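Chain letters run A, B, ... following the sequence lines, proteins first and then strands; every chain starts at 1. These numbers come from the heavy atoms of this one structure, side chains and all, not from hydrogens, waters or symmetry mates. The structure presented is a predicted model; accordingly, all values stated were derived computationally and were not measured.
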There are 2 protein chains.
Amino acid sequence: MKFSKATNYALHTMLYLVAAPAGKSIGVRPLAEFQNVSPTYLSKILTQLVKAGLIASTPGVHGGYRLAKSKDAISFLDIIQAVEGTASLFECGPGHDAGFHEGCLIRSVMARAEDRMERYLQEQKLIDLVDRVDGHMLEFIRREAQ
Amino acid sequence: MKFSKATNYALHTMLYLVAAPAGKSIGVRPLAEFQNVSPTYLSKILTQLVKAGLIASTPGVHGGYRLAKSKDAISFLDIIQAVEGTASLFECGPGHDAGFHEGCLIRSVMARAEDRMERYLQEQKLIDLVDRVDGHMLEFIRREAQ
DNA sequence: ATAATCGTAGACAAATCGAATCTACAATTA
DNA sequence: TAATTGTAGATTCGATTTGTCTACGATTAT
Ligand code: SF4
Ligand code: SF4
């Protein structure tokens with residue numbers, strides 16, 4: 001039970017895009033180098049974010065990725081679910097016969113626990129990052145992004 | 001990012017033990033049959049619960065497993081962590097150079113999100129199950145346990 | 001004691017999933 | 001037209017999860 005590395009890459013990429021000059025497209029190469037990951041693999045992950053409507057991509061010479069919505073409209077939960085999917089964390093498969101699951105408390109407790117985490121992640125927006133982030137990190141990213 | 005099946009088995013076993021007559025040891029066979037899982041595999045999972053001090057085991061003819069603590073002293077979190085471990089859900093491995101991680105907000109957001117879920121799971125005790133559980137389920141278990 | 005019962009441990013095998021690579025392709029711009 | 005850049009799919013690699021099998025140790029009934 002761990003968040004995948006893909007989620008890690010997605011979050012770091014979004015942080016990078018948040019810190020980059022608004023409207024500027026960033027190629028996958030600097031994004032990948034920044035995280036020591038292969039560009040093609042990162043591209044595959046970012047395509048999921050594109051399909052989720054969080055970022056936009058443009059091909060061509062000065063193409064790349066940029067945010068598709070305002071920084072206060074993109075939550076951590078959006079990013080994570082775009083990569084990990086929205087399925088329930090607790091799979092209560094058909095272990096025994098039906099009629100048994102009525103009012104089951106295991107399931108409701110697990111669902112609520114997951115909901116607690118998701119609600120918090122939904123409250124945390126990208127704008128919170130750029131507001132409170134340590135200057136050191138932003139400088140680094142901006143230098144890389146020119 | 002899903003809870004393992006082992007966690008599922010552990011939770012259902014604990015529910016069974018909660019519903020069983022107090023003090024009575026339940027063999028691994030009925031517990032395994034109840035969930036359609038192999039007895040030896042389930043035993044391996046339950047051994048983790050034993051080592052965590054949540055249940056106790058006794059060999060011999062009338063042996064089996066029973067709760068090792070009172071029902072209000074065992075939380076969902078105890079059970080889950082005994083099986084899944086206590087490592088952080090978000091692994092922010094060494095992606096880039098040091099000095100970068102100071103005051104990182106990705107990490108703190110993810111840690112807090114996890115904490116939200118864990119705190120809720122810690123509040124939910126086994127006693128809450130037996131208090132509010134649907135009678136249908138308890139009857140089934142009690143019938144099986146004689 | 002002895003034998004039956006039951007949990008424990010470890011080696012091992014199978015299946016699943018995550019991570020990553022490679023290659024060919026499509027879209028855009030200079 | 002050529003260079004650049006993202007996209008898509010097949011495929012490989014490795015780790016983890018899940019499960020089996022077998023031998024062992026502890027307890028109890030006879
Ligand atoms: S008893 Fe509850 S947790 Fe178990 S399978 Fe049924 S609904 Fe799911
Ligand atoms: S920047 Fe933050 S999330 Fe990324 S590796 Fe450093 S501490 Fe972890």
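- Heavy-atom distances to DNA chain D give each of A/M1 and A/T40 a nearest nucleotide, and the one nearer the 5′ end belongs to A/T40.
- Backbone-only engagement by A/S4 is indicated by non-hydrogen atom pairs under 4.0 Å involving sugar-phosphate atoms exclusively.
- Using modelled atom types, one finds a donor on one side chain and an acceptor on the other under 3.5 Å when comparing B/T7 with B/E84.
- Within the 4.0 angstrom heavy-atom criterion, no nucleotide atom of any strand lies near A/F3.
- The separation between B/L46 atom CG and C/dG7 atom C1' is 10 Å, rounded to whole Å.
- Which of C/dT8, C/dA19, D/dG19 sits closest to the side chain of B/V37 comes down to D/dG19.
- A heavy-atom distance below 4.5 Å is found between the side chains of A/M117 and A/L89.
- At whole-Å resolution of the value, NZ in B/K5 and P in D/dT20 are 11 Å apart.
- Checking the phosphate oxygens (OP1, OP2) of C/dA20, a side-chain nitrogen or oxygen of A/Y9 falls inside 4.0 Å.
- Checking side-chain atoms of A/Q124 against main-chain N and O of A/F76 turns up no donor-acceptor pair under 3.5 Å.
- Within residues 47-60 of chain B, the residues approached by DNA chain D to less than 4.0 Å at the level of any non-hydrogen atom are B/P59, B/G60, in residue-number order.
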Listing, residues 53-72 of chain A side-chain donor-acceptor contacts under 3.5 Å, not counting sequence neighbours, or none:
from, atom 1, to, atom 2, distance (Å)
A/Y65, OH, A/S43, OG, 3.4
A/S70, OG, A/D72, OD1, 2.5

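- Listed pair B/S38 / D/dT20 meets the phosphate criterion, a side-chain N or O lying under 4.0 Å from OP1 or OP2.
- When rounded to the nearest whole Å, the span between CG of B/L42 and P of C/dT8 equals 11 Å.
- The two residues A/I45 and A/A10 have their closest heavy-atom pair at CG2-CB, 4.2 Å.
- Of the candidates C/dT21, C/dG10, D/dA29, the closest approach to any side-chain atom of B/K44 belongs to C/dG10.
- Atom P of nucleotide D/dT18 and atom CG of B/N36 are separated by 16 Å, given to the nearest angstrom.
- The two residues A/K2 and B/A87 come nearest to each other via the heavy atoms NZ-CB, 4.1 Å.
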Under the rule of Watson-Crick or G-U wobble with both distances under 3.5 Å, where | means paired to another strand and [ ] a crossing pair, DNA chain D maps to ||||||||||||.|||||||||||||||||
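- Taken to the nearest 0.5 Å, the OG1 atom of A/T86 stands 8.5 Å off from the CD atom of A/E118.
- Between A/T13 and A/Q35, the closest side-chain pair of non-hydrogen atoms falls below 4.5 Å.
- Between A/Y41 and D/dT11, a side-chain N or O to OP1/OP2 separation shorter than 4.0 Å is absent.
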